[in-house]
Amino acid sequence: MIKPEISIEATNLTKVYGSLTAIEDVSFEINRGEVLGFLGPNGAGKSTTMRILCGLVRATSGSATIGGISVVEYPEKVKRLVGYMPENNPLPDELRVVEYLRYRGQLKGLGPREAHARVEEVLELCDLHRKARRQIIGTLSKGFRQRVGIADALLTNPEVVIMDEPTIGLDPHQTKIIRDLINNRRGGMTFVISSHILPEVELCCDRILIINQGRIVAKGTSASLREEYIPAKAFRIKAKGELEGLIGELRSLDPEMEISALMEIDEDGFHEFSLKTLNPGIAGEQLLAVIQKNSSWVLREIADVEASLEEIFLAATKRSWEETLGRKPKKIGIVQMEPPLNEPEPPKESQSE
Amino acid sequence: MRGFLTILRHEIFVLLISPATFVAGFLFLLMMWLVYWQVLKAMPSKELPVSLFFQLFWLPVLFMVPLLTMRSIAEERRMGTLESTLTTPTTPLAIVAGKFAGAYVVFLSFWVLALGYPILTSFQVPEGSANFSFMEASPLIGGLLFVAVSGTMYVAAGIFASSLTRSQLVAAMLCFAILFMVILGEQILFTYSGNPETVPGRWQPILDYLRTFRQLEDFSRGIVDSRPFVLYFSSAFVLLGIAVVVVERKATR
């Protein structure tokens, strides 16, 4: 039975290229109007999943539906519902922006007049309506090319917009334009956005889906993922006074508490340190009370620090590697930042096992 | 065939703004002018100037068709724009058919332009001033009909070659090799093996069926046989069919 609120449904999607399994048993649902961030290291299977959803690649097994329509059985119908911006955003260099968009509109089934009107709308929407509209695509900067790709994806006002790395190569101003554009359509269109710019994803996505080695390793809102992968509460404190005594007092709240110095001492004699605890009962007020006990300690700043999406991403991918290697996953409280974000490597033990 | 007309219009537009098309057009018209000039210099002759004009049709075809078709699919595959097109409701069949039709329209347009030479000459030279006719309708129409019919296969061969590779250069060379084999292969074969009449009996009808120049001769005389139509149209369908499968396979892998 088709659930009306579900816009995209993937069930046990698997894609095998020869001896390489690109994705395996990938299942997820995306509600209508939701903005989903699709994260994963390079080669994790993000683009393959997106290409399957667009009807561009056939899954080896499993099924996918867009708006309740099967991608495998009715690829042409599905393509009418989806606006897709592929990775690297290929564009013909010899055409003008307006010519290209009109051509794309007609390919997507718009009549000449309708295509004309819609092109004007998306040109304005993506801030291409001034000088860039008559410019040859081959002469456009990276940022403008990205905007042309986004304009193309939004051209038919599709139910689902899938964008593979839409903000790559954009400056902060252009990134904000894209974010605003997505925010303006939130609730109306369903967005699937793959990106390596994690703060960007956290800012504009309702839910996050993390894929690693072809498998979904985490899904949920950033808050729920934070709770699952980074259960430790973190605070940043900036204080002046006898530090050892202060740390001893703070440890009295939780002996397992991890305290690490962020900055030795600043020009005013203040120490800045971070404090991480797995005890959910500890709140900022308690820390404040401890520090205020002794008048020789001067507090300048106390802040509740949330784990970043980058930390969640690293924790989730690390846990998936540990599970793949058959090791019991550690209860992660504090995440090490060693593996590079875009090119994580499996732990060294994998070579010997 | 959703999107066929859109692709066709786009393809003609892209061909008309492509430098390769202008190079192909210029060289083609230059070569046909030289051919016609030599034909006129050789007059009077047993044959009509228009018939001789068409007998050298293969010379420009060998380079014009590769230049017209080499970028059609190969370049789109290299750029990744073919994949973008396939994310729309357009089918691989419509893409290949549209690209073929676009190149074929331009191919025919060049030939129509080349016919300007005999037509203009016949208007410029006063009637009765030469002991031969500059313009004869039947060899002109027959020759053009042959070029149009055989052109379906030649352009389809170019589209087929372009679908096999991401390199325009490789596509052009492959197309040239196919056309060379198809048009001149049997001539070369007979040149080295002796008289065509010495070919064993059972091969005779097959070789006759494939002889491009005999077909051209028949068309020029006004003999319109259905067999060349079947040969060229069916070959074009097969080549375009393979191109559709290749586009589909490469794009949905």
Side-chain angles (χ1 to χ4, degrees), chain A residues 15-18 22 47-48 50-60 71-72 74-96 99-100 102-112 115 136-138 148-149 152-153 155-156 158 161-162 164, chain B residues 1-23 68 70-99 101-102 106 162 166 168 244-253:
Chain A
K15 178 68 188 175
V16 179
Y17 294 103
S47 295
T48 304
M50 288 177 152
R51 286 156 62 91
I52 290 172
L53 293 177
C54 293
L56 203 54
V57 172
R58 288 192 194 111
T60 310
V71 175
V72 176
Y74 308 101
E76 284 188 34
K77 278 187 185 174
V78 165
K79 285 172 184 176
R80 269 178 227 148
L81 300 177
V82 179
Y84 176 55
M85 179 187 164
E87 196 181 2
N88 302 327
N89 188 26
L91 299 169
D93 287 341
E94 70 275 16
L95 296 184
R96 293 179 196 282
E99 287 165 355
Y100 172 69
R102 281 180 194 156
Y103 164 61
R104 293 286 298 171
Q106 288 180 30
L107 275 184
K108 290 178 180 188
L110 300 178
I136 304 274
I137 291 173
V148 173
D152 175 29
L155 201 52
T156 53
V161 177
I162 298 176
D164 206 347
Chain B
M1 288 285 272
R2 173 178 269 278
F4 168 74
L5 284 177
T6 307
I7 299 263
L8 170 61
R9 276 197 301 268
H10 173 73
E11 203 58 26
I12 292 173
F13 175 70
V14 169
L15 279 168
L16 292 180
I17 60 169
S18 162
T21 311
F22 285 95
V23 171
L68 281 182
M70 64 184 188
R71 56 156 291 285
S72 61
I73 297 174
E75 180 68 357
E76 289 224 25
R77 273 185 62 199
R78 190 185 68 79
M79 299 274 290
T81 47
L82 184 65
E83 187 180 296
S84 299
T85 308
L86 287 165
T87 61
T88 68
T90 314
T91 59
L93 175 64
I95 294 171
V96 171
K99 287 184 177 295
V106 175
S162 186
R166 286 169 187 265
Q168 289 192 53
V244 170
V245 173
V246 172
V247 167
E248 201 164 17
R249 293 273 300 169
K250 298 277 181 194
T252 58
R253 260 190 337 142

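Letters go in sequence order (proteins before strands), and every chain restarts at 1. Computed from a predicted structure; not experimentally measured.
With a threshold of 4.5 angstrom between heavy atoms, A:Ile52 does not approach chain B through any atom at all. Looking at A:Pro92, the atoms closer than 4.5 Å to chain B (heavy atoms on both sides) sit in the backbone and in the side chain alike. Neither the backbone nor the side chain of A:Asn88 has a heavy atom closer than 4.5 Å to any heavy atom of chain B.
The 12-atom threshold is not exceeded at OH of A:Tyr74, counting heavy atoms of other residues, nucleotides or ligands nearer than 6.0 Å.
Considering CD of B:Glu83 and CD of A:Glu87, their distance stands at 9.5 Å, rounded to 0.5 Å. The OH atom of A:Tyr84 sits 12.0 Å away from the CG atom of B:Leu86 when rounded to the nearest 0.5 Å. Once rounded to the nearest 0.5 Å, the distance linking CE of B:Met79 with CG of A:Asp93 reads 4.0 Å. Interatomic distance, A:Leu155 CG to B:Thr88 OG1, rounded to the nearest 0.5 Å: 11.0 Å.
Residues A:Glu94 and B:Arg71 have side chains in contact (heavy-atom distance under 4.5 Å, counting atoms from C-beta outward).
When each of A:Gln106, A:Arg104, A:Arg102 is checked for a side chain to side chain contact (heavy atoms under 4.5 Å, CB included) with B:Thr6, only A:Gln106 meets the rule.
Listed here is the closest heavy atom pair of A:Glu76 and B:Thr91: OE2-CG2, 3.0 Å. A:Pro90 approaches B:Gly80 most closely through the heavy-atom pair CG-O, 3.3 Å. Nearest heavy atom pair, residue A:Leu95 against residue B:Val14, reads CD2-CG2, 4.3 Å. Taking all atoms of both residues into account, the shortest heavy-atom contact from A:Arg80 to B:Pro89 is CG-CG, 3.5 Å.
The backbone N or O of B:Thr90 lies less than 3.5 Å from no partner atom in the side chain of A:Lys79, so there is not a single donor-acceptor pair.
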task: Starting from the C-alpha separation in whole Å, work towards a yes-or-no answer on side-chain contact (heavy atoms from CB on, under 4.5 Å) for B:Thr85 and A:Leu107.
output: CA-CA 8 Å; B:Thr85 308; A:Leu107 275 184; 3.8 Å; yes
